[in-house]
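First the structure, in the form of structure tokens, and then the observations on it.
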Number of protein chains: 2
Amino acid sequence: MTQQNNDEKDEFDLRNFLPFLLNQAAEESSLEFQRVYKNRYGMLRTEWRVLFHLGNYGELTAKEIGLRAKIHKTKVSRAVRKLEQRRYLKRTRDENDRRVERLTLTTSGQSVYRELRGIARDYDAKLAAHFTTGEAALLRMMLRRLAGME
Amino acid sequence: MTQQNNDEKDEFDLRNFLPFLLNQAAEESSLEFQRVYKNRYGMLRTEWRVLFHLGNYGELTAKEIGLRAKIHKTKVSRAVRKLEQRRYLKRTRDENDRRVERLTLTTSGQSVYRELRGIARDYDAKLAAHFTTGEAALLRMMLRRLAGME
DNA sequence: GGATAATAGTTGATTTTGTAACTAACAAGG
DNA sequence: CCTTGTTAGTTACAAAATCAACTATTATCC
């Protein structure tokens with residue numbers, strides 16, 4: 001109503017501020033998927049991400065996952081431990097550089113990944129259905145650019 | 001390289017999965033603004049949001065802020081207390097319904113809001129400069145739709 | 001070679017968040 | 001009125017995120 005402090009010719013509206021909008025959209029559009037990996041698979045956000053990175057790209061190190069997904073190394077470390085405990089992934093020391101651990105999904109990790117990937121695919125299609133095919137493609141491109149994933 | 005598990009005709013790529021993309025873009029595109037409100041004003045994410053809601057829309061209750069910004073009431077409660085302690089906002093009991101608190105920015109809260117709003121405006125322009133004017137407008141529209149802010 | 005710095009990953013202490021239970025005030029129906 | 005239910009907001013305790021310090025290993029360079 002009162003629209004206080006918008007004295008300066010209404011040049012700013014929170015509802016158009018990209019960091020805010022992006023966050024609201026991200027939050028809202030991950031709710032439904034979150035219920036699946038959380039309630040049905042007992043996973044945390046970082047955990048499904050690590051799982052998906054390994055499922056999607058194959059063998060990676062913790063560091064590589066952190067770089068690609070912009071996840072801090074302590075979070076990656078803890079997610080990897082959880083996934084290892086559930087026997088979804090296994091670590092192997094790199095013999096050329098013994099600081100490094102190469103991570104890969106176990107058979108059971110792969111099967112969980114495939115299940116979740118199917119759900120993700122459907123859910124993504126449902127979200128994209130808000131738009132025309134062209135709009136959705138443009139949206140993904142714009143998001144990749146904003147995310148610095150060019 | 002190996003692209004494991006993409007056996008199923010490459011119908012899925014994490015880099016195109018909207019919930020992931022949205023989150024990456026949201027994360028990346030709020031880093032710079034975060035440094036400002038965090039390091040320079042000692043605020044948390046929920047705190048600048050509450051501040052901006054009051055600055056942008058005027059007097060609101062905690063509940064209204066929670067609804068508009070999809071922030072859980074306990075988070076709003078704590079952010080309000082912090083902002084009150086810093087004398088950025090004041091609460092007044094609604095005399096018609098004494099459960100309700102009407103929140104408004106103090107003079108000093110308004111001045112912090114205006115400073116941050118200026119920074120936000122510039123930053124938003126910088127982000128939008130990745131795109132044409134039309135693309136940026138479309139992006140905002142699509143994000144509002146995904147966020148259920150129609 | 002040996003000191004120094006850098007890197008991969010982990011651990012511990014502190015903050016922040018999330019979940020549930022709580023208080024206080026109001027509403028509705030008997 | 002008075003029990004029962006609902007709502008606004010807070011608080012307590014558990015879960016998770018953050019930040020700094022740590023170990024172990026490799027790289028640099030004098």
Side-chain angles (χ1 to χ4, degrees), chain A residues 23-24 26-28 30-31 33-35 37-39 41-51 53-54 59-86 89-104, chain B residues 23-24 26-28 30-31 33-35 37-39 41-51 53-54 59-86 89-104:
Chain A
N23 197 84
Q24 296 289 97
E27 205 67 37
E28 180 66 29
S30 63
L31 277 181
F33 187 59
Q34 181 174 28
R35 269 194 292 277
Y37 66 72
K38 208 168 173 182
N39 301 343
Y41 291 86
M43 278 194 225
L44 257 31
R45 197 153 58 134
T46 309
E47 290 160 27
W48 81 258
R49 291 199 178 194
V50 169
L51 184 86
H53 274 265
L54 293 171
E59 183 182 275
L60 291 171
T61 69
K63 170 149 211 226
E64 288 164 341
I65 295 174
L67 281 175
R68 288 178 191 239
K70 300 190 219 293
I71 303 175
H72 192 271
K73 60 181 183 173
T74 65
K75 269 166 94 173
V76 176
S77 172
R78 282 163 175 141
V80 166
R81 182 169 51 196
K82 265 270 185 66
L83 292 172
E84 187 190 31
Q85 281 165 355
R86 294 196 188 157
L89 66 77
K90 58 183 192 303
R91 323 154 102 120
T92 32
R93 278 270 163 231
D94 183 325
E95 283 305 323
N96 290 70
D97 182 346
R98 302 185 41 69
R99 290 169 300 184
V100 174
E101 293 179 342
R102 325 215 125 271
L103 307 170
T104 48
Chain B
N23 196 85
Q24 296 289 98
E27 207 65 38
E28 181 66 29
S30 63
L31 275 181
F33 186 59
Q34 180 175 28
R35 270 194 291 277
Y37 67 71
K38 207 167 174 184
N39 301 343
Y41 292 87
M43 278 195 225
L44 257 31
R45 196 152 61 133
T46 309
E47 290 160 26
W48 82 258
R49 291 199 177 193
V50 169
L51 184 87
H53 274 265
L54 292 171
E59 182 181 276
L60 291 171
T61 69
K63 171 149 209 225
E64 287 164 340
I65 295 173
L67 280 175
R68 289 180 190 240
K70 300 191 220 291
I71 303 174
H72 192 273
K73 60 182 181 173
T74 65
K75 267 167 97 173
V76 176
S77 173
R78 292 193 258 242
V80 165
R81 182 168 51 197
K82 266 270 185 67
L83 292 172
E84 188 190 31
Q85 281 165 355
R86 295 195 189 159
L89 67 76
K90 58 182 193 303
R91 322 154 103 121
T92 32
R93 277 269 163 231
D94 183 325
E95 282 306 322
N96 289 69
D97 183 346
R98 303 185 40 69
R99 288 169 303 184
V100 174
E101 294 179 340
R102 324 215 125 271
L103 307 170
T104 48

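For the numbers below, each heavy atom of this structure counts, side chains included, while hydrogens, waters and symmetry mates do not. No experiment lies behind these values; they were computed from the predicted model shown. Residue numbers start from 1 in every chain, and the chains themselves are labelled A, B, ... in the order their sequence lines are given, proteins ahead of strands.
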Can you give the first and last nucleotides of DNA chain C, 5' to 3', that have an atom under 4.0 Å from a heavy atom of chain B?
-> C:dT16 to C:dC26
Mapping A:R81 and B:R45 to their closest nucleotides on DNA chain C, which lands nearer the 5' end?
-> A:R81
Picking from D:dT11, D:dA8, D:dT26, which would you name as closest to the side chain of A:D97?
-> D:dT26
Sequence neighbours excluded, which residues qualify as salt bridge (charged side-chain N to carboxylate O under 4.0 Å, His left out) partners of B:R93?
-> B:E101
Write down the distance between CG (B:L83) and P (D:dT10), rounded to a whole number of angstrom.
-> 12 Å
Please tabulate the protein-to-nucleotide N/O contacts below 3.5 Å involving nucleotides 2-6 of chain D, giving atom names and distances.
none

Polar side-chain contact A:R78-D:dT18 base: donor and acceptor under 3.5 Å = yes
Could you say whether A:T46 or B:R93 is positioned toward the 5' end of DNA chain D, judged by the nucleotide with the nearest heavy atom to each?
-> B:R93
Given DNA chain D, 5'-ward residue of the pair A:E95 and B:H72, judged by closest heavy atom | B:H72
Test side chain to side chain contact (heavy atoms under 4.5 Å, CB included) on B:L51 and B:E47 and set out the steps.
-> CA-CA 6 Å; B:L51 184 87; B:E47 290 160 26; over 6 Å; no
Return the minimal non-hydrogen interatomic distance between A:L54 and A:L103, and the atom names on each side.
-> CD2-O, 3.4 Å
Protein-nucleotide distance (A:E101, atom CD; D:dT26, atom P), rounded to Å = 13 Å
For a side-chain contact (heavy atoms from CB on, under 4.5 Å) with A:L60, tell me which candidate from A:L67, A:I65, A:T104 qualifies.
-> A:I65
Contact class for B:K63 vs. all strands (heavy atom < 4.0 Å): base, sugar-phosphate, or nothing?
-> sugar-phosphate
Spacing of A:K70 atom NZ relative to D:dT18 atom P, expressed in whole Å = 15 Å
Sorted by chain and residue number, the salt bridge (charged side-chain N to carboxylate O under 4.0 Å, His left out) partners of A:E84 (sequence neighbours excluded) come out as A:R91
Measure the distance from NZ on A:K75 to C1' on D:dA15 and round it to the nearest whole Å.
-> 14 Å
Select base, sugar-phosphate, or nothing to describe what A:T61 touches, counting heavy atoms under 4.0 Å on all strands.
-> sugar-phosphate
Does a salt bridge link B:E28 with A:K70, judged by any charged N lying under 4.0 Å from a carboxylate O?
-> yes
Please give, in whole Å, the distance from D:dA15 P to A:K82 NZ?
-> 10 Å
When rounded to whole Å, the CG to C1' distance for the pair A:L44 and D:dA17 reads 10 Å
To the nearest Å, give me how far apart CG (B:L60) and P (D:dG9) are.
-> 11 Å
All salt bridge (charged side-chain N to carboxylate O under 4.0 Å, His left out) counterparts of B:K63, not counting sequence neighbours = none
Quick one: B:E64 CD to D:dG9 C1', roughly how many Å, whole number?
-> 14 Å
Classify the ring geometry between B:W48 and B:F33 as parallel (under 30°), tilted (30 to 60°) or perpendicular (over 60°).
-> perpendicular
Short question: side chain of B:R45, backbone of B:K38 - any donor-acceptor pair under 3.5 Å?
-> no
Under 3.5 Å donor-acceptor pairs involving side-chain atoms of residues 71-82 of chain A, not counting sequence neighbours:
| from | atom 1 | to | atom 2 | distance (Å) |
| --- | --- | --- | --- | --- |
| A:H72 | ND1 | A:T74 | N | 3.2 |
| A:H72 | ND1 | A:T74 | OG1 | 3.2 |

